[in-house]
Amino acid sequence: ENDLVLEGFHDPIFKNPPRSSGKGGGLITYINKRVCDAESIVELDPLSDRTNLSGEFQFIKIGECKGYSSTKVIGNIYRSPSGNADIFVTLLDELCRSLNRHSRKHIVLTGDLNIDLLKHENFKAAQNLIDTLSKYGFVQLVSRPTRITENSCTLIDHVYSNNLENTTSCNIITADISDHLATLTTINLSDVNYCARKKLTKSDELSKNKEFRVFDETSHQKFEALIQGESWERVFESDDAEAQYNTFNEIYISHYNNAYPLKTNRARRKNERKNPKPWILPWLEGACARKQDLYHTFVSEPTAENHAAYKKLHKFCEKHKKIAQKQYYAKFFDDYKDCSKKQWAMINGLLNRKTKQSGCIKLNDSEGKPMNS
């Protein structure tokens with residue numbers, strides 16, 4: 001499970017596949033730590049009949065979003081293409097009825113339903129699905145194909161919302177991490193409506209250029225060396241306590257600014273990600289960007305020529321990313337072959353091992369009462 005942990009997110013919430021073989025299916029949901037605390041996440045189980053394998057469902061209730069009193073319910077859904085679509089819609093109807101007590105909350109249903117809405121006019125299952133969810137106030141937000149091949153295009157990845165006022169956008173991302181295109185839905189977590197939030201964006205943009213300090217291991221070591229190397233003789237040149245404090249403060253701040261200098265956000269390179277991998281060099285960033293452009297071209301015009309051009313550059317990028325990654329780690333472990341601390345820090349980071357926080361030790365007296373510090 002450590003391989004599935006994402007930085008900045010709470011531990012993933014799993015839903016095991018219902019199939020006895022354990023192969024295929026299964027659901028997982030990630031919630032960013034900036035959205036809420038872990039205590040505000042509750043997994044709902046509105047399904048009464050767990051023997052019905054026509055669909056897989058995972059419902060997460062998130063309370064106190066961003067410190068506000070608003071509550072959101074996220075439904076993660078999957079239907080196997082081999083399952084019976086009519087039975088699935090009936091099961092979904094039962095689920096929505098069970099969720100009716102949460103109807104005043106903002107509910108978003110999303111997932112791979114394997115029901116092509118582009119065939120809505122002639123496909124009875126698609127009509128029944130839309131009619132069933134509309135009955136409970138849900139509106140389908142995706143309007144373009146989400147799976148495109150050289151020979152077909154289908155809209156089988158759906159997003160439904162029962163609160164359009166707090167649903168700000170729904171887009172399709174042409175990322176090639178899967179044979180499906182990703183859907184990105186943005187919802188408002190606070191009590192401030194979308195129009196009011198748009199007025200705040202101009203002033204918020206200014207905060208992006210604020211100064212900051214870097215607090216890393218190298219900076220800590222430098223600050224420690226400066227403090228240990230300081231004689232503090234200047235502090236005792238005067239007998240006045242206030243003058244001594246001012247001199248001490250001046251020296252301390254000077255060392256602090258030296259070890260942790262103020263920096264400003266630099267302009268990112270073209271095609272550079274927000275948190276770039278250290279082994280992805282600028283030329284490889286450019287190649288990956290061109291690969292993504294070719295994939296977008298193929299999605300827009302799914303011809304054999306466009307597909308071949310994309311696959312060729314995709315193969316090139318994957319090959320050189322593996323080579324660059326291998327060379328980066330080989331150099332790192334060679335540079336720090338005599339420093340086990342650095343080596344283990346890297347290994348733990350690669351394995352997503354969490355550092356255990358040691359809590360404070362509380363001492364009790366002979367009567368079992370906590371002792372005052």
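Given the structure is predicted, the values throughout are model-derived calculations rather than measurements. All values below were derived from every heavy atom in this structure, side-chain atoms included, with hydrogens, water molecules and symmetry-related copies excluded.
Under the 30°/60° scheme for interplanar angles, the aromatic rings of F316 and W283 are found to stand perpendicular. Using bins of under 30°, 30° to 60° and over 60° for the plane-to-plane angle, the ring pair Y310/H314 lands in the tilted bin. Ring geometry, W279 versus Y328: the interplanar angle falls from 30° to 60°, so the pair is classed tilted.
When only modelled atom types and interatomic distance are considered, K15 and N76 share no side-chain donor-acceptor pair under 3.5 Å. Between the side chains of E230 and H255, at least one donor N or O lies within less than 3.5 Å of an accepting N or O. Under 3.5 Å, the side chains of E150 and T303 contain no donor-acceptor pair of N or O atoms. Side chains of H106 and S70: a donor-acceptor N/O pair is absent below 3.5 angstrom, by distance only. In the model, D37 has no side-chain atom that pairs as donor or acceptor with a side-chain atom of S40 under 3.5 Å.
The number of heavy atoms from other shown groups lying within 6.0 Å of CD (E301) does not exceed 12. No more than 12 heavy atoms of other residues, nucleotides or ligands sit less than 6.0 Å from atom CZ of R144. Within a 6.0 Å radius of OH in Y30, other residues, nucleotides and ligands contribute more than 12 heavy atoms. Residue-environment remark: CG (L164) exceeds the threshold of 12 foreign heavy atoms within 6.0 Å. At most 12 heavy atoms of other shown residues, nucleotides or ligands fall within 6.0 angstrom of atom NZ in K312. Residue H320 qualifies as enclosed at atom NE2: its count of foreign heavy atoms under 6.0 Å is above 12. Other residues, nucleotides and ligands contribute more than 12 heavy atoms inside 6.0 Å of the CH2 atom of W232.
Taking every heavy atom of both residues into account, F138 and C96 meet most closely at CE1-SG, 4.4 Å. The nearest pair of heavy atoms linking E285 to P276 is OE2-CB, 4.3 Å. Of all heavy-atom pairs between L181 and A175, the closest is CD2-O, 4.4 Å. Summarising the geometry of A125 relative to V89, their closest heavy-atom pair is O-CG2, 4.2 Å, with the distance given to 0.1 Å.
Checking side-chain atoms of N162 against main-chain N and O of K105 turns up a donor-acceptor pair under 3.5 Å. A donor-acceptor pair under 3.5 Å is formed between the side chain of H10 and the backbone N or O of C36. For the pair Q343 (side chain) and Y336 (backbone), a donor-acceptor distance under 3.5 Å is present.
Here the CD atom belonging to E318 is positioned 7.5 Å from the CG atom belonging to D176, to the nearest 0.5 angstrom. Here the CE-CG distance, from M346 to L350, works out to 6.0 Å after rounding to the nearest 0.5 Å. One finds the OH atom of Y160 at 8.5 Å from the OG atom of S134 (value rounded to the nearest 0.5 Å).
Using a 4.5 Å cut-off on side-chain heavy atoms (C-beta onward), D45 and F57 make no contact. Using a 4.5 Å cut-off on side-chain heavy atoms (C-beta onward), I60 and I31 make contact. Two residues are said to be in side-chain contact when any heavy atoms from C-beta on lie closer than 4.5 Å; F298 and D293 fail this criterion. The side-chain heavy atoms of I187 and V108, taken from C-beta on, include a pair separated by under 4.5 Å. Counting only heavy atoms from C-beta outward, the side chains of L109 and V159 never approach each other to under 4.5 Å. Here the side chains of L118 and F123 are not in contact, with every heavy-atom distance at 4.5 Å or above.
The side chain to side chain contact (heavy atoms under 4.5 Å, CB included) search around S219 returns D216, Y260, not counting sequence neighbours.
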Walk me through whether T149 and S152 qualify under side chain to side chain donor-acceptor pair (under 3.5 Å). CA-CA 5 Å; T149 68; S152 66; 3.1 Å; yes
Yes or no on side chain to side chain donor-acceptor pair (under 3.5 Å) for T29 and Q58, after CA distance, side-chain angles and deciding distance? CA-CA 8 Å; T29 299; Q58 182 185 47; 2.6 Å; yes
Under the side chain to side chain donor-acceptor pair (under 3.5 Å) criterion, do D157 and H180 qualify, and how do the steps go? CA-CA 8 Å; D157 301 279; H180 291 237; 2.9 Å; yes
Show the numbers, then the answer: is there a side chain to side chain donor-acceptor pair (under 3.5 Å) between H158 and Q140? CA-CA 7 Å; H158 310 173; Q140 210 287 122; 5.2 Å; no
